[in-house]
J.: 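Dumping the structure here so I can ask a few things about it.
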Amino acid sequence: MKVWCELGADGRPTSIWETDMSAAGLDAYELPEGVDALGLGDYVWDGSAWVYDGAATAAREEAARSAQREALREFQLAEAASRYVRSESAAGALDRRSAVGLSTLLDEWSGDGVRYEKGQWLAYGGGTCRVEQTHTSQPDWTPDAAPSLYTMLPLAPDGVRIWAAPTHAENAFDIGERCHHPGADGEIWVSGRDGNTSEPGTDEWWTREGANGADAEPGEPERPAAEPYDPKHWYESGETCLWEGGVYVWDADGRLGVPGVWSPADYPQGWTLVG
């Protein structure tokens, strides 16, 4: 039986037709005895005959299975991390920096009579919020309209906080915390002290991210040393890596069990650019 094939550089058929495709520039080939068109994918044309090369096919299939297993592992790790983050949040055990860094893993606020505990963190309106009083939610008690029940932390699309004048300790800025100023499209500033309530650019307690060396603001620390990002390393909170010319610190809480297999480009919520 004849088939019309297009061959790759390695002689393996990349397309196989059982109808005459001569007009399309494809050559006709006799199928090996006992092999149908589907089975021809295990063969390579050596210039004069088909040569069985099932090992290469098996290797490709194993590579595909390996990729599927890795994708499943990544999904399971993310699901496990998400469940743990929600559990920690519900127990009031999640700190502000972790809640901001892992906002995409938090439960979304609901007004459908859900009981929320004081200290719990939720996702809302593209940002995150902290529950300030234990209560059962109602549709009109939205986090942005009920400041006695929630502390809102607005976030920019890149996951960094947007500066808003702090009203109490829970929405102030601790050392190393970042924010866009004056709005979501503004520069990123880094707090130089705990409990910072001043406005970026008005005193020495804020520095523009990336300022360093001769261009550094007063008090700007020297660029920290870091090793290149290692996708097989488990990054604990505070560990640094070098990525695309920048030094990043993994600032999610290590006890959350979030693996450091995600690069700063793939998982920016968990990293802070520090130099």
J.: Would you check if V100 and L155 make a side-chain contact, meaning some heavy-atom pair closer than 4.5 Å?
T.: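 Of all side-chain heavy-atom pairs linking L155 with V100, at least one is under 4.5 Å.
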J.: Run W109 and S137 through side chain to side chain donor-acceptor pair (under 3.5 Å) and show every step you take.
T.: CA-CA 9 Å; W109 178 85; S137 68; 5.1 Å; no
J.: Do the side chain of H180 and the main chain of G186 share a donor and acceptor less than 3.5 angstrom apart?
T.: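 Yes; judged by distance alone, with no hydrogens or angles, the pair exists.
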J.: Would you call R69-E62 a salt bridge at under 4.0 Å N-O?
T.: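 Between E62 and R69 there is a salt bridge, with a charged N closer than 4.0 Å to a carboxylate O.
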J.: Do F173 and W206 have ring centroids that are under 6.0 Å from one another?
T.: yes
J.: How long is the straight-line distance from CG of L7 back to CD1 of I16, given to the nearest 0.5 Å?
T.: 9.0 Å
J.: Using the salt bridge (Lys or Arg N to Asp or Glu O under 4.0 Å) rule, collect all pairs that involve residues 137-165, keeping only residues at least two apart or in two chains.
T.: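 Every salt bridge (Lys or Arg N to Asp or Glu O under 4.0 Å) pair that includes a residue of residues 137-165, provided the two are not neighbours, is R161-E177.
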J.: Considering residues at least two apart in sequence or located in another chain, which fulfil the side-chain contact (heavy atoms from CB on, under 4.5 Å) criterion with V131?
T.: Y116, Q120, L122, H135, Y150
J.: Does some side-chain heavy atom of W4 sit less than 4.5 Å from a side-chain heavy atom of T19?
T.: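 Not in contact.
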J.: Specify the closest pair of heavy atoms between I175 and G192, including all atoms of both residues, with the distance to one decimal.
T.: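 Scanning both residues, the minimum pair turns out to be CD1-O, 3.6 Å.
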J.: Are the side chain of T14 and the backbone of E6 linked by a donor-acceptor contact shorter than 3.5 Å?
T.: yes
J.: Any idea which heavy atoms bring P139 and T142 closest together, and the distance?
T.: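 Shortest heavy-atom separation between P139 and T142 comes out as O-CG2, 3.4 Å.
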J.: Hey, any chance L94 and L149 share a hydrophobic cluster, counting ILVMFWY side chains that come within less than 4.5 Å of each other, even indirectly?
T.: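 No, no single cluster joins them.
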J.: In terms of hydrophobic clustering (I, L, V, M, F, W, Y; side-chain heavy atoms under 4.5 Å; direct or indirect links), are W163 and V190 co-clustered?
T.: no
J.: Let me confirm one number: the SG-CD distance from C179 to E187, rounded to the nearest 0.5 Å.
T.: 11.0 Å
J.: So L102 and S89, side-chain contact (heavy atoms from CB on, under 4.5 Å) or not? Walk me through it.
T.: CA-CA 11 Å; L102 299 168; S89 174; over 6 Å; no
J.: So which atom in R86 and which in L105 form the shortest heavy-atom distance, rounded to 0.1 Å?
T.: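 Shortest heavy-atom contact: CG-O, 3.4 Å.
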J.: Does the distance from a Lys or Arg side-chain N to an Asp or Glu carboxylate O, for D53 and R12, drop under 4.0 Å?
T.: yes
J.: Of the non-hydrogen atoms in W121 and R96, which two are nearest, and what is the gap between them?
T.: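 Closest pair (atom of W121, atom of R96, distance): CZ2-CA, 3.7 Å.
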J.: Got a sec, which residues hit side-chain contact (heavy atoms from CB on, under 4.5 Å) with M152, two or more places apart in sequence or on another chain?
T.: Y124, C129, P143
J.: Could you walk me through whether E199 and H181 pass the side-chain contact (heavy atoms from CB on, under 4.5 Å) test, one step at a time?
T.: CA-CA 9 Å; E199 184 173 354; H181 180 273; 2.8 Å; yes
J.: Please output the side-chain donor-acceptor pairs of residues 30-37 that fall under 3.5 Å, not counting sequence neighbours, one pair per line with the distance.
T.:
unit_1	atom_1	unit_2	atom_2	d
E30	OE1	M1	N	3.3
D36	OD1	L38	N	3.2
D36	OD1	G39	N	2.8

J.: I need the K118 NZ to T134 OG1 distance, nearest 0.5 Å.
T.: 8.0 Å
J.: For residues V160 and I162: do they belong to one hydrophobic cluster (side chain heavy atoms under 4.5 Å, members Ile, Leu, Val, Met, Phe, Trp, Tyr)?
T.: no
J.: Could you work out, with ring pair (Phe, Tyr, Trp, His ring centres under 6.0 Å) as the rule, every residue matching W45, not counting sequence neighbours?
T.: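 W45 satisfies ring pair (Phe, Tyr, Trp, His ring centres under 6.0 Å) with Y29, W50 once adjacent residues are dropped.
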J.: Quick one: pull up OG in S103 and CD in E108 and give me the separation to the nearest 0.5 Å.
T.: 10.0 Å
J.: Residues in ring pair (Phe, Tyr, Trp, His ring centres under 6.0 Å) with W205, at least two apart?
T.: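 W205 satisfies ring pair (Phe, Tyr, Trp, His ring centres under 6.0 Å) with no residue once adjacent residues are dropped.
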J.: Heavy atoms only: give me the nearest P13-G41 pair and the separation to one decimal.
T.: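 P13 and G41 have their closest heavy atoms at CG-CA, 4.4 Å.
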J.: Quick one: closest heavy-atom pair of P166 and N196, and the distance?
T.: CG-O, 4.0 Å
J.: Treating Ile, Leu, Val, Met, Phe, Trp and Tyr as nodes and any side-chain heavy-atom pair under 4.5 angstrom as an edge, say whether W243 and L273 lie in one connected cluster.
T.: yes
J.: I want to check something: taking the side chain as every heavy atom from C-beta on, are L40 and C5 in contact at a cut-off of under 4.5 Å?
T.: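 Result yes, sub-4.5 Å side-chain heavy-atom pair found.
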J.: Could you check whether any side-chain N or O of Q133 sits under 3.5 Å from a backbone N or O of S148, counting only pairs where one atom can act as donor and the other as acceptor?
T.: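 At least one qualifying donor-acceptor pair exists.
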